Amino acid sequence: MLDAARQARHKESCPYYLFQPASPGRLAKLSRNKLWMSDPEHFNDPLDLRLELEDLSYRSPFDDEGRLREAMRGLLAENPKAALHWFYNERLLESVRCWIDGRLNIFMLEDEIKERFREFGVACFTPIWNNGLMWSHYADSHAGYCVEYCVRGMTLALQNQGLFSQYHVQYSSSLPRLCISEALFSPHQTLGRMLATKSAEWAYE
C-alpha cells in the first residue's frame with residue numbers, strides 16, 4: 001500500500017521508472033539530484049536516432065528546393081524569434097542561412113541537421129518497475145537500481161524552455177522517412193519522431 005504522501009504525489013503526477021547500473025558516476029549524479037542522459041551512439045539498438053532524413057519536399061506544399069528555401073527565408077525574416085528556437089544552435093543556424101543563400105546544398109544541410117540531432121542526450125523511462133527484462137538489460141543484470149520519478153507533464157513543458165522534453169515511444173513495423181522540411185519547420189515534432197520511434201521488434205520491452 002502507498003502511504004498518504006505517495007498517494008498524493010501519484011494523484012498529481014505519473015510515476016516513471018529509470019533503470020541504471022550501479023556505476024559510481026551515475027550514483028554521484030543521483031546524489032546531486034542530476035539525471036544521467038545517455039549518448040545514443042552507445043545504445044544497444046544501433047538504429048536509435050538513425051531515421052532517414054531526406055528531401056521529400058515534393059510531397060509537401062514546397063514542391064521543390066527553391067520554394068523550400070524561400071519559405072525558410074520568409075520564416076526567419078518575418079519571425080526573428082524562430083532563430084531563437086532551442087533546436088537551432090549557432091552552427092546549424094549559420095548552415096541554414098548559407099543554404100538559403102545558395103552557398104550550401106541541401107545534402108550538406110541534411111548532414112548538419114543529423115549532426116544536431118545526435119547532440120541530444122536521452123534518458124529512457126518506463127511506467128513499470130517490476131519488468132525482469134528491464135532489470136536484466138539496463139540495471140546491470142539485476143545488480144543496479146531503479147529510481148521512481150513523479151513527472152508532472154504540464155510543469156515539465158512550461159519550466160524547461162525546450163531543454164528537456166518527454167516523448168512516448170512509438171513502435172512501428174517500418175521506420176518512417178523524415179523530410180528535411182519537417183526538421184526545419186517543426187523540429188520539436190521531428191525530434192520526437194527521431195528519438196521515440198523504434199522497430200516493433202523492441203516492443204517486448
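Everything quoted here is computed from the prediction, not taken from an experiment.
- Here the two rings, on Y145 and W135, have centers that are 6.0 Å apart or farther.
- Looking only at distances, a side-chain donor or acceptor of D64 sits under 3.5 Å from a matching main-chain atom of R67.
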Apply side chain to side chain contact (heavy atoms under 4.5 Å, CB included) to V147 and L30, showing your working. CA-CA 9 Å; V147 181; L30 183 63; 4.0 Å; yes
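- Applying the ring-ring contact (aromatic ring centres under 6.0 Å, His included) criterion to F87, with sequence neighbours excluded, gives F117.
- Considering only residues two or more places apart in sequence or on other chains, Y16 meets the ring-ring contact (aromatic ring centres under 6.0 Å, His included) condition with none of them.
- Considering only residues two or more places apart in sequence or on other chains, R32 meets the salt bridge (charged side-chain N to carboxylate O under 4.0 Å, His left out) condition with none of them.
- Ion pair E182/R193 flagged as a salt bridge, since at least one NZ, NE, NH1 or NH2 atom sits closer than 4.0 Å to an Asp/Glu carboxylate oxygen.
- Residues passing the salt bridge (charged side-chain N to carboxylate O under 4.0 Å, His left out) test with D101, sequence neighbours excluded: R73, R103.
- Between H142 and G132, the shortest heavy-atom distance links the atoms NE2-O, 3.5 Å.
- Counted by atom type alone, W99 and E65 present one or more donor-acceptor pairs between their side chains at under 3.5 Å.
- In this structure the side chain of L76 reaches within 4.5 angstrom of the side chain of I100, judged on heavy atoms.
- Between F125 and Y149, the ring center distance clears the sub-6.0 Å criterion.
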Evaluate Y88 against L184 for side chain to side chain contact (heavy atoms under 4.5 Å, CB included), listing each step before the verdict. CA-CA 9 Å; Y88 296 109; L184 289 171; 4.2 Å; yes
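- Residues passing the side-chain hydrogen bond (donor to acceptor under 3.5 Å, both in side chains) test with N79: none are found, sequence neighbours excluded.
- Residues meeting the salt bridge (charged side-chain N to carboxylate O under 4.0 Å, His left out) test with R116, sequence neighbours left out: E119.
- With S95 contributing its side chain and R91 its backbone, the two residues share a donor-acceptor pair below 3.5 Å.
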